[in-house]
Amino acid sequence: MTRMYVNTKIRLQKALEQRELGQGTLEYLGVIVVAALLVAALIGVFKGFDLTSKVQTQLDKITNA
């Protein structure tokens with residue numbers, strides 16, 4: 001009886017290990033995809049943003065005041 005219990009426990013542990021194989025890789029891939037989406041969103045937001053003209057306008061306001 002004890003031998004059957006131990007064998008069943010070992011088989012269950014191996015089956016669970018097989019299910020979780022590659023889980024870490026999938027999580028890293030998810031993080032990379034989210035980071036890429038954030039970078040793409042930031043590029044999309046700042047694509048029409050001209051920092052040089054904004055800074056120049058503010059500097060002109062300061063020097064002309």
Side-chain angles (χ1 to χ4, degrees):
M1 180 78 168
T2 304
R3 183 177 294 205
M4 186 173 67
Y5 173 74
V6 171
N7 286 337
T8 304
K9 184 176 180 185
I10 290 171
R11 273 190 258 130
L12 284 173
Q13 284 177 340
K14 285 184 179 182
L16 287 175
E17 288 173 4
Q18 292 289 328
R19 276 185 50 200
E20 295 180 3
L21 200 75
Q23 182 68 28
T25 304
L26 187 61
E27 290 172 358
Y28 284 123
L29 180 64
V31 168
I32 290 170
V33 167
V34 169
L37 288 173
L38 286 173
V39 168
L42 286 173
I43 289 172
V45 167
F46 289 114
K47 189 174 184 179
F49 186 74
D50 187 20
L51 183 63
T52 307
S53 67
K54 300 283 184 186
V55 170
Q56 189 62 43
T57 304
Q58 294 303 319
L59 288 173
D60 289 342
K61 284 183 183 178
I62 293 171
T63 56
N64 292 332

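Count residues from 1 along the sequence. Just so we're clear, the structure is a prediction, and the values are computed from it rather than from any experiment.
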Distance col, row Arg3:CZ vs Thr8:OG1, nearest 0.5 angstrom, shows 12.5 Å
Taking atom OG1 of Thr2 and atom CE of Met4, what is their separation to the nearest 0.5 Å? 9.5 Å
Would you compute the distance between atom CD of Gln56 and atom NZ of Lys54 and round it to the nearest 0.5 angstrom? 13.5 Å
Hydrophobic cluster of Leu12, others only, ordered by chain and residue number, side-chain cut-off 4.5 Å: none
First locate atom CD1 of Ile62, then atom OG1 of Thr57, and finally report the distance between them rounded to the nearest 0.5 Å. 11.0 Å
Cluster question for you: counting only ILVMFWY and a side-chain heavy-atom cut-off of under 4.5 Å, with indirect links fine, are Leu42 and Val34 together? no
